[in-house]
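Heavy atoms only: backbone and side chains are in, while hydrogens, waters and symmetry mates are out.
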Amino acid sequence: MSKKQKTVAVHAGSRLTGSKAVPVAPAIYPAAVNWFDSSDDLDGALDGKDYAYARISAPNTTLLEEAVAALEGADACVAYASGMAALRSVFEAQGFRPGDRLVMPADGYGVTRLLYKNLCAALGVELHAMMMTDARAPERIRELRPRMVLAESMTNPLLRVPDLRALEKASHDVGAAFVVDATFPSPVGQRALDFGADYAVQSTSKWLNGHSDALGGTVSGSTARIAPLRSARVLAGDVLGPFEAWLTLRGLRTLPVRMKAHAEHAAHVARRLSDSPLLERVIYPGLPSHPDHAVAKELLLGGGPMVAFEIKGIGRPESMRFLEGLRICKPGPSLGDVGTLVMHAASASARRLTPEERAAAGIQENLIRVSVGLEDPDDIVEDLLGAVAQVVRR
């Protein structure tokens, strides 16, 4: 089969082995338990050779994993009930011991920071949060010699774009596992494994699903990296359900087409917002004004589907009123939907950070994050600016 992503998205994960019939739309297999005429077949299925019990393996999950692995350019993929379960599984696979170190973004997703903070504290592991876009970050990684380094392809919510090539080299120089949460660009916008990541993590609830109707997460990588995760998932039970897997695979079929449109709309929205005197600044990797614009041009396909901006002269109360003033865009604490979703960063994605951590990351109370949808981009702009105009102090 072709390796071009549009073709892969439509056809990967289409058929289960052992059958000559290939439905155009895969069936949903809700059964948690299967039985066999042969006890030998049942015995083999309990070792994962067939489908016996859904905690071990299930048809819809298998099809989704095959499709995501193909899009990521990976040997293997394992799916979870949520993106956070995926991130936790990667942490647990590293075999951390007291005194080990973990490096992660200081300006990344707040819930990931809190999760890893708690996991590290329980094991006596040192957590070091740093700005991965700082020129000194690779050297700092070499000094710390961590067991694991986590990066985000685009940080949430400030949309900074780290140079994965430099971080990968520093990580592998000291024997650290290099993990990339590549949810924001999706595998269409960036295949993290192509830049040396050992694990590529996706919150499939976002762009891969694309319709805000199924939670999920995946980790992709080499067979050797993924096999222990799959074995651990059998014990932990944090499996993806058949309906969620089916919905995500359905959404994945249109991923390249959707992502092209999302990125084009985001670029249009960012350019128009940049002309507004009501905004302090507009943050979009595709704009020359973005601090990581040069890196983004090399590592991302397009400027991405996300835009952020700071509204001039307001705080949290006015930001809340801004959300209430939206008419087309929807205030929602997620991203990746066909419709535009808007959130106040400090109270949503950065909610689990302390005020001091938010300040250190540069996340202000006037920061708004936009997941740009498939509506007419001019309608999106007019809606955003109309709500801004209602709250800016004149």
Side-chain angles (χ1 to χ4, degrees), residues 61 64-65 67-94 96 102-105 107-116 119 127 129 132 146-157 160-162 164 167-168 171 176-209 214-230 232-233 236 238-240 244-245 248 252 255 259 299-300 304 306 334-336 349:
T61 305
L64 176 62
E65 290 170 345
V68 173
L71 281 173
E72 295 274 23
D75 296 333
C77 171
V78 58
Y80 295 88
S82 69
M84 297 309 300
L87 285 164
R88 177 169 184 147
S89 74
V90 172
F91 177 95
E92 292 175 341
Q94 304 315 309
F96 281 103
L102 181 149
V103 170
M104 67 180 302
D107 55 343
Y109 184 36
V111 180
T112 305
R113 178 86 165 266
L114 182 58
L115 171 68
Y116 280 4
L119 292 173
L127 188 150
M132 296 293 195
R147 182 173 288 269
M148 172 179 151
V149 175
L150 171 70
E152 293 179 357
S153 294
M154 298 168 65
T155 62
N156 182 5
R160 296 300 304 269
V161 182
L164 298 186
L167 297 176
E168 176 273 329
S171 300
F178 184 46
V179 185
V180 178
D181 184 336
T183 296
F184 270 27
S186 88
V188 171
Q190 183 189 81
R191 298 206 314 185
L193 299 177
D194 290 348
F195 296 102
D198 297 305
Y199 304 90
V201 180
Q202 297 286 337
S203 172
T204 63
S205 321
K206 313 306 193 292
W207 300 111
L208 269 68
N209 169 263
L215 289 175
T218 57
V219 183
S220 301
S222 68
T223 300
R225 292 280 188 182
I226 298 304
L229 300 185
R230 194 180 303 282
R233 188 189 63 179
D238 44 0
V239 298
L240 187 66
E244 290 77 11
T248 303
L252 183 149
L255 181 67
M259 294 310 294
L299 270 62
L300 298 176
M306 306 291 295
S334 190
L335 59 122
S349 67

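For A177, the side-chain contact (heavy atoms from CB on, under 4.5 Å) partners are Q94, D198, Y199, R225, not counting sequence neighbours. With sequence neighbours excluded, the residues that form a side chain to side chain donor-acceptor pair (under 3.5 Å) with S89 are Y80. Scanning for side-chain contact (heavy atoms from CB on, under 4.5 Å) contacts around S203 gives T183, S205, K206, with sequence neighbours left out. Scored by the salt bridge (Lys or Arg N to Asp or Glu O under 4.0 Å) test, D194 finds R191 as partners (sequence neighbours excluded). Take A214 and apply the side-chain contact (heavy atoms from CB on, under 4.5 Å) test, not counting sequence neighbours, and it matches N209, E244, L247, T248.
Other residues, nucleotides and ligands place no more than 12 heavy atoms under 6.0 Å from the CZ atom of R88.
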Could you give me the CA-CA distance, side-chain angles and deciding distance for E152 and F184, then say whether side chain to side chain contact (heavy atoms under 4.5 Å, CB included) is met? CA-CA 8 Å; E152 293 179 357; F184 270 27; over 6 Å; no
Residue pair M132, V103: steps toward the side chain to side chain contact (heavy atoms under 4.5 Å, CB included) verdict: CA-CA 9 Å; M132 296 293 195; V103 170; 3.5 Å; yes
Applying side chain to side chain contact (heavy atoms under 4.5 Å, CB included) to V161 and L300, what does each step give before you reach the verdict? CA-CA 9 Å; V161 182; L300 298 176; 4.0 Å; yes
V179 and V201: CA distance, side-chain angles, deciding distance, side chain to side chain contact (heavy atoms under 4.5 Å, CB included) verdict: CA-CA 7 Å; V179 185; V201 180; 3.8 Å; yes
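The distance from atom CE of M104 to atom OG1 of T112, rounded to the nearest 0.5 Å, is 5.5 Å. In this structure, the separation between CZ on F91 and CZ on F96 is 5.0 Å, given to the nearest 0.5 Å. In this structure, OG on S171 lies 5.0 Å from CZ on F178, to the nearest 0.5 angstrom. Between the CG atom of L119 and the CG atom of L87 there is a distance of 10.0 Å, given to the nearest 0.5 Å.
The shortest side-chain heavy-atom distance between R147 and L102 does not fall under the 4.5 Å cut-off. The side-chain heavy atoms of Q202 and L71, taken from C-beta on, include no pair separated by under 4.5 Å. Side-chain contact check for V68 versus L252: some heavy-atom pair is nearer than 4.5 Å.
Shown here for L240 and A79, the closest heavy-atom pair between the two residues is CD2-CB, 4.1 Å. The two atoms that bring M148 and A176 nearest to each other are N-CB, 4.1 Å, heavy atoms only. Here the closest heavy-atom approach between residue M84 and residue L115 is recorded as CE-CD2, 3.6 Å. Summarising the geometry of S153 relative to L164, their closest heavy-atom pair is OG-CD1, 4.5 Å, with the distance given to 0.1 Å. Closest non-hydrogen pair, F195 versus Q190, comes out as CE1-CG, 3.9 Å. The heavy-atom pair separating P105 from R113 by the smallest distance is O-NH1, 4.2 Å.
Counting only residues at least two apart or on different chains, no side-chain hydrogen bond (donor to acceptor under 3.5 Å, both in side chains) pair has a member in residues 214-223.
Under a 3.5 Å cut-off, the side chain of R230 and the backbone N or O of C77 do form a donor-acceptor pair.
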